[in-house]
Amino acid sequence: MAATIPIHDPSAPPLPGAKTEIKTTTCYMCACRCGIRVHLREGEKGPEVRYIEGNPEHPLNKGILCAKGSAGIMKQYSPARLTQPLRRKPGTERGAGEYEPISWEETFAILTERLGRLRATDPKQFALFTGRDQMQALTGLFARQFGTPNYAAHGGFCSVNMAAGMIYTIGGSFWEFGGPDLDRAKLFVMIGTAEDHHSNPMKAALSKFKRSGGRFIAINPIRTGYAAIADEWVPIRPGTDGALFMAIIRELITLGLYDRDFVARYTNAGQLVNQDEASDDFGMMLRNPQGDVVNPLRHHNFYWWDRHSGRPVADHAEGRDPALFGEFHMPEGPMKGTPAKPAFQLLEERVRDCTPEWAEGITGIPAATIRSLAHEMGMTARDQSIELPIAWTDWWGREHKSVKGNPVAFHAMRGLAAHSNGFQTTRALAILMSLLGTIDRPGGFRHKAPYPRAVPPNARPPRGPASIKPNTPLDAPPLGWIETPADLCVDDAGEPVRIDKGFSWEYPFSAHGLMHNVITNAWRGDPYRIDTLMLFMANMAWNSTMNTTEVRKMLHDKDESGAYRIPFIVVCDAFQSETTAFADLILPDTTYLERHDAMSMLDRPISEFDGPCDSVRVPVLPPLGQCKPFQEVLVELASRLKLPAFTTPEGGRKYKDYPDFIVRYETAPGSGIGFLIGWRGEDGKQSLRGAPNPKQWEMYAANNCVHHYTMPVEHQYMRNWNRGYLEWAQKAGLRRDCDPITIHIYSEFMQRFRLAAQGKGEGRKPPERLRERVDTYFDPLPFWYPPLEVQASDLKAFPLAAVTQRPMAMYHSWDSQNAWLRQIHSHNYLHVNPLTAQAAGIADGGWCWVESQWGQVRCMIRYSEAVEPGTVWTWNAIGKADGAWQLAPGADEARKGFLLNHLISEDLPLRNPKDGSASGARISNSDPITGQAGWYDVRVRIRPAEPEEDGKTFPQIATAPAAPGVLGRTLEVMTYFAGGKRK
Ligand code: SF4
């Protein structure tokens, strides 16, 4: 047999005469931010990408590159690339896809006139919502300076429950904000995580962990991706993880397998909680009016019940030890006689009935397995503890000779979060991790800068209509963290001020907004109509919306006067998606290879456990056609609109362009804190803080586009309470205050909302229709309840849970147009346990109907024993509308692929959780605390399709024709591969 000659050998020297170059930048084929080296060759029309490799000198991926990262070439040369600004042709209907090219000057003139008018009259008429971008510090600044509260990014429909549930408990969260220390863990438990989050770094860490003998347990309804290499798979019913955690917490407490020293000193478990039901402060922590408040903005004057002296004492008084169990009465002072219990006692009472048998009935996990999980976690934490010879001093002045670690690590993501009970579930997980004594300790969970932050962090959103004034920036950032009802963004009647109803009594802790509500609310005019909706990188007419078919209609629906209900839609994207077809104005974005980007400490950086780390992208190619980075669009618009932060005192333009903005912007004049922490100071020798450095971009480019500041080792652990770290973090500008960040086993913040719902105390109260809802769900201790959609479903008629995941080879819908990645997934199946499919009479590979109470889709089934029998699942965002993304008519993605979102409603009837009565009002299909979209709560049934229905998915939706200037499916593009000769 003849020797095989490789079509292309990437290690071969360049062809004679070829001009080649390698440039470093940062990948953006998913949100992980790996370092890459892009190999370029000078072609007839300028530089061409020939090959992308992982950058071995990058701290995040250390040279590893995944399939997505390699396929960045085909994103660059995607047929769906938009290349010029487009305006819907006057007189044509929205959605028909008839566009005319216009210049950028004309584009900016249109936007400046329209947005200037809105800003001068009613700034909230402008709404800016963005998808999975990495520039929310800039987009949020733009919205704040514009003066609109109607801003958010994708977090509300992604994993805000994970972020908020953990941040409100331990001051940090997974992924960008922290993660499992797999270098030292002995047991790793991964729950509800698909392959896309923390992709390459997680794969590398898992590989090392397993090779060094670590034990890996995956708890997930589905065994795919990471779970496929787990030592043990524990199948669980979707939306029931909270019940599992409650039962494990019960076991740990019952068996004494929790880290008492850690819990007593570093959590609020020992703080005394007022038990006087008649008091307006019932359920709040007792506070000593003579005690040291520590921080005037966040008082710390709590009581412990000292178990040695049998008296109340200031918490953390030296030589005292808090009772974690019991009921006491204050012996003297203004609270004399007040009954009180330590928070831990209340937790124990909460979980007392959460037996493994109780959890088995909910989760489907055998009680014996639940017991065994609890024992393994508790025993590993206790018996295999680690001690590192690192001396440190805690906030209260106690010196420690070493750092201890209990080597049980967890990771969780959207599988836990995307349920309308996800906040309380995530709180339960964070408390479980805390009981095991694993927070910011070796082998457990470790923070990443700028976390840990205060519980809750200090940024507060605008407090109501008074914050919104013509031609004036908001008096607060549009997104933030709610501490009390006074922080809500509501009017005098307690009704929402934001178009998405974020930070209202409907979803008080909606730290990331509710992007999934925007179109429906704007269409209904509830709470009001808006004029202009600007979407960036968000496929809101397809995979990023529930109730897809109806939402698409809303985008071109007209009112009685014949005007569009959403009068003006601007879409900025690099590709022709299902959503661009509904735009009145299309702004062609660049790819990640064509622009500057800052992955900033002010946003979501890529810090390591040992110190802050940020990164940039630099252009390795010129923009295609007239593409312009959205960053540049925002800086240009902000300058033309004369938004104060972008304007000199004399009224002139402050920043030449986006790179200039990134270099020279400071959070306050002279603060020395800007978007990037590396190479600051005029000579570029400072880190974290320092004067702007005009050569900062060049220095990042010369240093692998990343800056990594390594903290002294004594600052790397126990950061919530590490005095050295806390003082350093305050000086570095990572924290406003220098007080300890106590773990909130018991959440006073939740209780404050509950008291308001009960009509107690002064201040804002929820509208009558929401009182029972707030009273029920704002429980200061975690509890499990069925997701709202499940409560509203007939479980006999719709017995199956249906969920989606994103495949390892694609991220969101970003690569539905990517010629290489489409070869891995060109269509999706519904994956069903053979027992379930056979019971429904559907063969492997057969066509079936999937029905929810809201709609139906038709698709193909694949048998899989890697899914628990009560769950069906599919990949999200593979199925496409016919003709979108420049796919050929009838492409597999449209003919055989399908979108499960058609089965999910974006809202539900508002019910009284106490008696189940419906008020007639509707409310978002979201978590009642955070507004997190309940993507994974829908209930379905399956039935075989009729033979004549085989062959095509339902619904079939055709999208608009190709927009002018779209790169298209040219032979040049379709035959492009690295090293190949293009014909
Ligand atoms: S995991 Fe893959 S796609 Fe994501 S940033 Fe890294 S190389 Fe790129």
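Whatever order the structure lists ligands and atoms in, that order sets their numbers, starting from 1.
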Original post:
Atoms of ligand 1 less than 4.0 Å from Cys27 heavy atoms?
Top reply: 3 (S), 5 (S), 7 (S), 8 (Fe)
Subject >> Ser199: numbered ligand 1 atoms lying under 4.0 Å from its heavy atoms >> reply: 1 (S)
**OP:** Considering only NZ, NE, NH1 and NH2 on the basic side and carboxylate oxygens on the acidic side, decide whether Glu176 and Arg33 come within less than 4.0 Å.
**Re:** yes
Original post:
Out of Asp815, Thr580, Asn539, which residue meets the side chain to side chain contact (heavy atoms under 4.5 Å, CB included) rule with Trp885?
Top reply: Asn539
Subject >> Lys68: numbered ligand 1 atoms lying under 4.0 Å from its heavy atoms >> reply: 3 (S)
**OP:** Look at the rings of Phe661 and Tyr665 and say which category their plane angle falls in: under 30° parallel, 30 to 60° tilted, over 60° perpendicular.
**Re:** tilted
Subject >> Cation-pi check, Arg617 onto Tyr28 ring (under 6.0 Å, within 45° of axis) >> reply: yes
Original post:
Should you measure from each heavy atom of Leu65, which atoms of ligand 1 turn up under 4.0 Å away?
Top reply: 7 (S)
Original post:
Nearest protein heavy atom to atom 2 (Fe) of ligand 1, by residue and atom, and its distance?
Top reply: Cys66 SG, 2.2 Å
Subject >> Enumerated ligand 1 atoms positioned under 4.0 Å from heavy atoms of Arg33 >> reply: 5 (S)
Original post:
Taking NZ, NE, NH1 and NH2 as the nitrogens, is one of them in Asp231 or Arg215 under 4.0 Å from a carboxylate oxygen of the other?
Top reply: no
Original post:
Of all the non-hydrogen atoms in the protein, which one sits nearest to atom 4 (Fe) of ligand 1, and at what distance?
Top reply: Cys30 SG, 2.3 Å
Subject >> salt_bridge(Asp892, Arg822) N-O dist < 4.0 Å >> reply: no
Original post:
Of all the non-hydrogen atoms in the protein, which one sits nearest to atom 7 (S) of ligand 1, and at what distance?
Top reply: Asn200 ND2, 3.4 Å
Subject >> atom 6 (Fe) of ligand 1: nearest protein contact (heavy atom, Å) >> reply: Cys34 SG, 2.3 Å
Original post:
Do the non-hydrogen side-chain atoms of Met537 and Thr130 ever get within less than 4.5 Å of each other?
Top reply: no
